[in-house]
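Only one structure is covered here, and it is reproduced in the block below.
Ligands are counted one by one from 1 in listed order, and the atoms in each one are counted from 1 as well.
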Amino acid sequence: MPRQRQSGKPPVRIEDEARFLRSWVERPLVTGAVTPSGKMLARTMASYLDPAATGPVIELGPGTGPVTEAILRRGVPENRLILVEYSADFCSLLARRFPAATILQGDAYNFPELLAERLQEPAAATVSSLPLFTKPLPMRMKLLNDAFHLMQPGAPFVQFTYSPVSPIPKSDDYSSQPSGRVWWNLPPARVWAYRRQNANGHAHAHQALPNGKHRPR
Ligand SMILES: C[S@@+](CC[C@H](N)C(=O)[O-])C[C@H]1O[C@@H](n2cnc3c(N)ncnc32)[C@H](O)[C@@H]1O
């Protein structure tokens, strides 16, 4: 069941904006944005998730939680969420906001080590808001391959970027499925979903529509 917020307040508040801006001033390359993601972008990211899939959903770089909120609205139960966030301040906020989720403070580029004791079954998806372009390509590829290693076959690694190009280059090893440009976000962004190809060179089940949109799984 999608979660209902009892307070009825939107998850992104003025305090979140201020907190985010402060984090960006302190660590611009880690925070990667001056403001939390907007609702449309968060919803687009969550649309790649299959709420019926079993197993945990790993979120890397949840910040103040706008994407987390969209994942819950997509129908993923809060107790299936594992949130990996570098900022201690954001972690405290996330713990108050999502008390049933597992929150791990640390470096998401080491997330297999962070998750070692926690992951009882393969994950259903990984959703990342990490500013990937601040890292060299080998680190990005390691992150993607680590995620594939921890996920079920066909599970998506979902990533947003402000860049016009994918942060992960094309390869025969995985499929790349872009969203349309999300203009209702400052700055406009695009979401990419990567899935490991199976032994026959085909992406595991997902449906791309002829108009370039994707059918949420
Ligand atoms: C662009 S912000 C996105 C935040 C939030 N998901 C949103 O959409 O508003 C990137 C987030 O990733 C976190 N982050 C950056 N590098 C990280 C790392 N190596 N490990 C864990 N978190 C990281 C930052 O602290 C920040 O919260």
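- Side chains of S175 and Y194 form no contact here, defined as non-hydrogen atoms less than 4.5 Å apart.
- Residue contact check for ligand 1: F20 places a non-hydrogen atom closer than 4.0 Å to it.
- Residue-to-ligand polar distances keep L130 apart from ligand 1: every N/O pair is separated by 3.5 Å or more.
- Annotation: side chain of P169 is in contact with side chain of L137 (closest heavy-atom distance under 4.5 Å).
- For the pair T64 and ligand 1, the shortest N or O to N or O distance does not fall below 3.5 Å.
- Here is the list of ligand 1 atoms found below 4.0 Å of a heavy atom in V67: 8 (O).
- With ligand atoms numbered from 1 in the order given, ligand 1 contributes 27 (O) to contacts under 4.0 Å with heavy atoms of F90.
- Near P131, the atoms of ligand 1 lying under 4.0 angstrom from a non-hydrogen atom of the residue are 15 (C).
- At a heavy-atom distance under 4.0 Å, only backbone atoms of P62 (N, CA, C or O) approach ligand 1.
- Ring orientation note: the planes of F90 and F20 are close to parallel, at an angle under 30° on the 30°/60° scale.
- In this structure a side-chain-to-backbone donor-acceptor pair under 3.5 Å is present from Q105 to Y86.
- Heavy-atom minimum distance, A46 versus A70: CB-O, 3.5 Å.
- Ligand 1 has an N or O atom lying under 3.5 Å from an N or O atom of E85, backbone or side chain.
- Of the N or O atoms in Y109, none lie within a sub-3.5 Å distance of an N or O in ligand 1.
- Here T68 has no heavy atoms under 4.0 Å from ligand 1, in either its backbone or its side chain.
- The atoms of ligand 1 that sit less than 4.0 Å from any heavy atom of G106 are 20 (N), 21 (C).
- With a 4.0 Å cut-off on non-hydrogen atoms, P36 touches ligand 1 through its backbone as well as its side chain.
- In terms of protein heavy atoms, atom 9 (O) of ligand 1 is closest to S37 N, 2.8 Å.
- For the residue pair V30 and P131, the shortest heavy atom distance occurs at O-CG, 3.4 Å.
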Are D89 and R19 close enough, and set up right, to give a salt bridge (Lys or Arg N to Asp or Glu O under 4.0 Å), and what steps lead you there? CA-CA 9 Å; D89 182 33; R19 198 177 257 119; 3.6 Å; yes
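- Looking at ligand 1, you won't find any N or O of Y162 less than 3.5 Å from one of its N or O atoms.
- Both the backbone and the side chain of D107 come within 4.0 Å of ligand 1, counting heavy atoms alone.
- Checked by distance only, ligand 1 and A108 come closer than 3.5 Å through their nitrogen or oxygen atoms.
- Close N/O approach between Y86 and ligand 1 is found [any backbone or side-chain N/O within under 3.5 Å].
- Annotation for T54 and R80: closest pair C-NH2, 4.0 Å, computed over non-hydrogen atoms.
- Shortest contact from atom 15 (C) of ligand 1 to any protein heavy atom: V30 O, 2.9 Å.
- Ring-centre distance between F133 and Y162: not below the 6.0 Å cut-off.
- Distances from atom 6 (N) of ligand 1 to the heavy atoms of S23, G61, G63 show the closest one on G61.
- Regarding atom 3 (C) of ligand 1, its nearest protein heavy-atom neighbour is S129 CB, 3.6 Å.
- Contact record, V191 with M45: CG2-CG, 3.7 Å, taken as the closest heavy-atom pair.
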Going through the checks in order, is the salt bridge (Lys or Arg N to Asp or Glu O under 4.0 Å) test met by R195 and D173? CA-CA 9 Å; R195 288 182 174 84; D173 295 339; over 6 Å; no
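- At the shortest separation from atom 2 (S) of ligand 1 among protein heavy atoms lies T31 O, 2.9 Å.
- Side-chain N or O atoms of N79 include none that pairs as donor or acceptor with a backbone N or O of A101 at under 3.5 Å.
- Every pair passing side-chain hydrogen bond (donor to acceptor under 3.5 Å, both in side chains) that includes a residue from residues 112-137 is listed here, sequence neighbours excluded: S128-Q159.
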